Amino acid sequence: MEAVLFDLDGLLADTEIISLKVYQELLEDFGIPFTEETYSREYSGHREEENVQRFLDTYDLPWNFDQTLDKVYELEARILAKGVNLKKGAKNLLAFLQREGIPIALATSSVESRARMILDSNGILSLFDHLVFAKDVKRSKPYPDIFLKACSDLNVLPENCLVLEDSEAGIEAAYRAGIPVICIPDLKIPAQSFLNKTEQVFQDLDAVRDYLECKKENQ
């Protein structure tokens with residue numbers, strides 16, 4: 001294995017629940033309910049810009065796109081400033097990969113400043129050998145661009161890497177890039193048609209570490 005590529009939201013950091021809270025608070029003043037089921041079905045795993053447009057298409061709000069996006073970022077920043085938890089097993093897995101000398105990259109559709117803040121506040125930013133953000137590629141997941149760029153920047157072959165993802169779009173992007181992918185579902189469990197494209201499906205990142213340790217011992 002020449003590198004492991006991590007998604008951020010819902011995979012490494014427990015931010016999906018924060019996004020759910022943001023949309024709930026935005027609609028609260030209008031008396032409109034927004035459930036976890038709605039978020040999981042229609043919003044989970046998509047870029048913020050896509051979600052804001054879907055939000056405006058669905059709900060009759062007195063804001064344009066830019067105003068809504070600003071409100072989302074402002075409210076999210078306020079919540080994130082209170083701290084965001086890493087997913088179970090995240091630090092253990094990162095420490096294992098570092099001990100093994102396996103390069104670690106982040107490949108996220110998140111805004112760079114936001115992603116760096118989440119990693120830095122949890123003391124793991126320095127563990128990453130490379131970071132790739134939405135601004136670095138023309139097309140976002142499910143297109144393979146962000147994973148292919150990470151591989152190219154690290155000078156490694158896609159087929160010799162591993163992607164860790166939670167979303168359907170991320171699984172599809174890895175699959176199109178020709179990179180083996182392990183899924184660790186978050187709020188939304190990907191459809192079976194996407195799970196069929198994965199190497200494994202695990203409950204948490206500790207299970208990923210155990211799996212990689214086992215593979216190492218059996219080599």
Side-chain angles (χ1 to χ4, degrees), residues 3-20 22-23 26 39-40 42-57 64-81 84 86-87 90 103-122 124-125 127-154 156 158 161-179 181 183-184 186-188 190 194:
V4 176
L5 315 181
F6 284 78
D7 176 46
L8 177 64
D9 294 292
L11 181 284
L12 192 59
D14 195 12
T15 54
E16 291 280 34
I17 196 69
I18 292 176
S19 296
L20 168 63
V22 166
Y23 291 123
L26 285 177
Y39 178 82
S40 297
E42 300 177 11
Y43 294 82
S44 179
H46 297 280
R47 293 174 63 240
E48 199 70 79
E49 291 82 359
E50 297 173 32
N51 282 342
V52 165
Q53 188 57 60
R54 183 179 290 107
F55 200 69
L56 289 172
D57 292 341
N64 61 30
F65 178 86
D66 289 336
Q67 289 173 323
T68 308
L69 187 61
D70 286 344
K71 288 178 181 294
V72 167
Y73 282 145
E74 179 183 349
L75 184 52
E76 184 191 51
R78 201 182 315 151
I79 297 173
L80 287 176
V84 54
L86 295 179
K87 300 290 283 187
I104 304 168
L106 186 77
T108 176
S109 299
S110 175
V111 174
E112 179 175 358
S113 58
R114 172 184 178 274
R116 285 184 178 275
M117 182 273 290
I118 292 172
L119 298 180
D120 192 40
S121 65
N122 281 283
I124 60 172
L125 179 59
L127 299 179
F128 285 83
D129 298 283
H130 191 60
L131 307 170
V132 185
F133 306 100
K135 67 179 181 60
D136 298 320
V137 293
K138 291 183 178 180
R139 301 181 301 180
S140 60
K141 305 169 188 178
Y143 292 100
D145 303 31
I146 198 163
F147 291 133
L148 291 175
K149 177 169 176 52
C151 290
S152 176
D153 291 348
L154 290 171
V156 295
C161 296
L162 176 68
V163 164
L164 301 179
E165 268 286 355
D166 66 297
S167 70
E168 293 179 347
I171 291 171
E172 182 66 22
Y175 182 78
R176 293 186 190 183
I179 308 174
V181 55
C183 177
I184 304 90
D186 190 37
L187 293 180
K188 177 182 180 180
F194 290 94

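Quick note: residue numbers are just sequence positions, from 1. The figures here come from the full heavy-atom set of this structure, side chains too, leaving out hydrogens, waters and symmetry mates. If you're wondering where the values come from, they're calculated on a predicted model, not measured in any experiment.
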Any chance you could lay out the side chain to side chain contact (heavy atoms under 4.5 Å, CB included) test for Cys183 and Glu165, step after step, and finish with the verdict?
CA-CA 5 Å; Cys183 177; Glu165 268 286 355; 5.8 Å; no
Donor-acceptor pairs under 3.5 Å, side chain of residues 168-177 to any protein atom, not counting sequence neighbours: which ones?
residue	atom	partner	partner atom	Å
Glu168	OE2	Ala191	N	2.9
Glu172	OE1	Lys197	NZ	2.5
Glu172	OE2	Arg176	NE	3.0

Once rounded to the nearest 0.5 Å, what's the spacing between atom CG of Leu106 and atom CG of Leu164?
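Atom-to-atom, Leu106:CG and Leu164:CG are 11.0 Å apart.
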About how many Å separate CD1 of Ile146 and OG of Ser140, when rounded to the nearest 0.5 Å?
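If we round to the nearest 0.5 Å, Ser140:OG and Ile146:CD1 are 8.5 Å apart.
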List the residues meeting side-chain contact (heavy atoms from CB on, under 4.5 Å) with [X], not counting sequence neighbours, and say none if there are none.
X: Leu127; result: Leu94, Gln98, Ile124
X: Asp120; result: Leu125
X: Ser40; result: Glu36, Leu187, Lys188
X: Asp70; result: none

Can you name the side chain to side chain donor-acceptor pair (under 3.5 Å) partners of [X], sequence neighbours left out?
X: Asn51; result: Arg54
X: Arg139; result: Asp145
X: Thr108; result: none
X: Asp57; result: Gln53

Measure across [X] and [Y] and return the closest heavy-atom pair with its distance rounded to 0.1 Å.
X: Phe133; Y: Glu112; answer: CE1-CG, 3.3 Å
X: Asp7; Y: Leu12; answer: O-CB, 3.5 Å
X: Leu154; Y: Ala3; answer: CD1-CB, 3.9 Å

Kindly write out the residues that satisfy salt bridge (Lys or Arg N to Asp or Glu O under 4.0 Å) with Asp14, not counting sequence neighbours, or none if the list is empty.
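By the salt bridge (Lys or Arg N to Asp or Glu O under 4.0 Å) rule, Asp14 matches Lys87.
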Test side chain to side chain contact (heavy atoms under 4.5 Å, CB included) on Glu49 and Phe65 and set out the steps.
CA-CA 9 Å; Glu49 291 82 359; Phe65 178 86; 4.1 Å; yes
Pairs under 3.5 angstrom only: tabulate donor-acceptor contacts from the side chains of residues 71-78 to other protein residues two or more places apart or in another chain.
residue	atom	partner	partner atom	Å
Glu76	OE1	Arg114	NE	3.1
Glu76	OE2	Arg114	NE	3.1
Glu76	OE2	Arg114	NH2	3.1

ring-ring contact (aromatic ring centres under 6.0 Å, His included) partners for Tyr23, two or more places apart
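ring-ring contact (aromatic ring centres under 6.0 Å, His included) list for Tyr23, sorted by chain: Phe34, Tyr43, Phe55.
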